[in-house]
Chemist: 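Mind looking over this structure? Questions follow.
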Amino acid sequence: MLRNVLKRLGLASTAAILGCSIVMGSTYAFAADRDGQTGSKQGKGNSDLVDLQLLSLTDFHGYLQALNDKSNGQIMTKNGPLTVGGAAYMAAHIKKLKNGQENSILFSAGDDLSGWPFEVASHHNEPTVEFLNAIGLDFSVAGNHEFDASKEFLTEHIMKGKSFDEVGVDSSFTDSAGKKFKGADYDYLSANIREADTGKLD
């Protein structure tokens, strides 16, 4: 896994792609050598330095379908408005950005869940997780909407795939491959989540 290659890397960083599944771009982060100079996998004999591409999405909220409206789902081009966003558009764009980039990390800045679209809300966010698994998300931050149901909903159902109430009616629906929901293939990370009543870090 790529995580095993990341020790001792200093990253010259910049920003993200796919805000709300609509605003897209890419960022290239390169390992810096010990003098703070940008290195590359070809350069200066530092074989432990690698080129690294960071790809990020945020506030997806389960919008598997593109929103066909000017304020949320379209960008203006020289040929007129272009509908963007949605699962198919994002997956194709991410695949294009990863092409030829051996070391890419795809992560989410949070608020993957609490999808308002009917097909997501009625299946308790499971279609969102299936999609994020399919595009190879490496990890996600736990945003505030990850806790809209409960902490246990995130840690037990979304992360571990544990069923609640009646299977196939309340949770653990059959996915697009005909298999029962199994939870996220990626981790949710947090370092500053506290219990409201005790102030204790989770």
Side-chain angles (χ1 to χ4, degrees), residues 1-31 50 52-64 67 72 84-87 89-91 93-95 97-98 101 103-117 120-121 123-162 171 181-202:
M1 282 295 292
L2 183 58
R3 293 186 187 92
N4 297 328
V5 184
L6 299 181
K7 58 185 177 181
R8 298 180 10 174
L9 289 182
L11 299 180
S13 64
T14 47
I17 66 164
L18 310 177
C20 294
S21 79
I22 297 169
V23 180
M24 298 193 175
S26 66
T27 292
Y28 295 90
F30 296 93
V50 297
L52 176 65
Q53 176 176 238
L54 302 179
L55 303 175
S56 174
L57 58 94
T58 186
D59 291 272
F60 180 54
H61 285 297
Y63 279 96
L64 301 177
L67 296 173
N72 293 300
V84 298
Y89 187 99
M90 288 177 63
H93 194 64
I94 289 168
K95 182 178 180 180
L97 291 172
K98 283 185 172 182
Q101 299 293 326
N103 298 309
S104 292
I105 295 178
L106 174 63
F107 66 97
S108 169
D111 287 354
D112 310 320
L113 307 183
S114 289
W116 297 288
V120 171
H123 291 86
H124 294 287
N125 297 290
E126 292 179 13
T128 300
V129 175
E130 181 186 352
F131 169 67
L132 296 176
N133 285 343
I135 62 173
L137 195 71
D138 289 298
F139 66 90
S140 179
V141 173
N144 61 297
H145 284 286
E146 268 66 45
F147 298 96
D148 281 357
S150 68
K151 178 183 74 174
E152 289 71 26
F153 178 79
L154 174 64
T155 59
E156 299 302 310
H157 182 60
I158 295 298
M159 295 178 69
K160 298 178 183 177
K162 290 186 178 179
S171 71
F181 176 72
K182 62 183 177 61
D185 292 336
Y186 53 90
D187 293 325
Y188 277 92
L189 308 180
S190 67
N192 60 350
I193 305 298
R194 294 181 181 272
E195 293 282 356
D197 53 348
T198 66
K200 181 181 178 182
L201 280 170
D202 279 338

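Just the heavy atoms: all of them, side chains too, but no hydrogens, waters or symmetry mates, feed the values below. The model shown is predicted, which means the values in this text are computed figures rather than measured ones.
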Chemist: Please check: side-chain N/O of Glu130 versus main-chain N/O of Gly183, any donor-acceptor pairing under 3.5 Å?
Modeler: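 No, because the side chain of Glu130 does not come within donor-acceptor range (under 3.5 Å) of the backbone of Gly183.
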Chemist: Report the residues that fulfil side-chain contact (heavy atoms from CB on, under 4.5 Å) with Ala149, sequence neighbours left out, ordered by chain and then residue number.
Modeler: Phe153
Chemist: Sequence neighbours excluded, which residues qualify as ring pair (Phe, Tyr, Trp, His ring centres under 6.0 Å) partners of Phe147?
Modeler: none
Chemist: Any donor-acceptor pair under 3.5 Å linking the side-chain atoms of Thr128 with those of Asp112?
Modeler: no
Chemist: What's the spacing between Ile158 CD1 and Tyr186 OH if we round to 0.5 Å?
Modeler: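 One gets 7.0 Å once the value is rounded to the nearest 0.5 Å.
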Chemist: Sequence neighbours left out, what passes side-chain contact (heavy atoms from CB on, under 4.5 Å) with Asp185? Give chain and number order.
Modeler: Asn133, Lys182
Chemist: Just jot down the ring pair (Phe, Tyr, Trp, His ring centres under 6.0 Å) partners of His145, sequence neighbours excluded, or say none.
Modeler: His61, Trp116
Chemist: Who are the side chain to side chain donor-acceptor pair (under 3.5 Å) partners of Glu126, not counting sequence neighbours?
Modeler: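 His157.
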Chemist: Check for a donor-acceptor pair, side chain of Ser108 on one end and backbone N or O of Gly110 on the other, with a separation under 3.5 Å.
Modeler: yes
Chemist: Which residues pass the side chain to side chain donor-acceptor pair (under 3.5 Å) test with Ser114, not counting sequence neighbours?
Modeler: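 Per chain and number, Ser114 pairs via side chain to side chain donor-acceptor pair (under 3.5 Å) with Asp148.
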Chemist: Taking only residues two or more places apart in sequence or in another chain, which ones pass side chain to side chain donor-acceptor pair (under 3.5 Å) with Lys162?
Modeler: Glu156
Chemist: So which pairs with a foot in residues 189-200 pass salt bridge (Lys or Arg N to Asp or Glu O under 4.0 Å), sequence neighbours left out?
Modeler: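 Sorted pair list: Lys151-Glu195.
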Chemist: Can you measure from CG (Leu106) to CG (Leu54) and round to the nearest 0.5 angstrom?
Modeler: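 Reported to 0.5 Å precision, the distance equals 10.0 Å.
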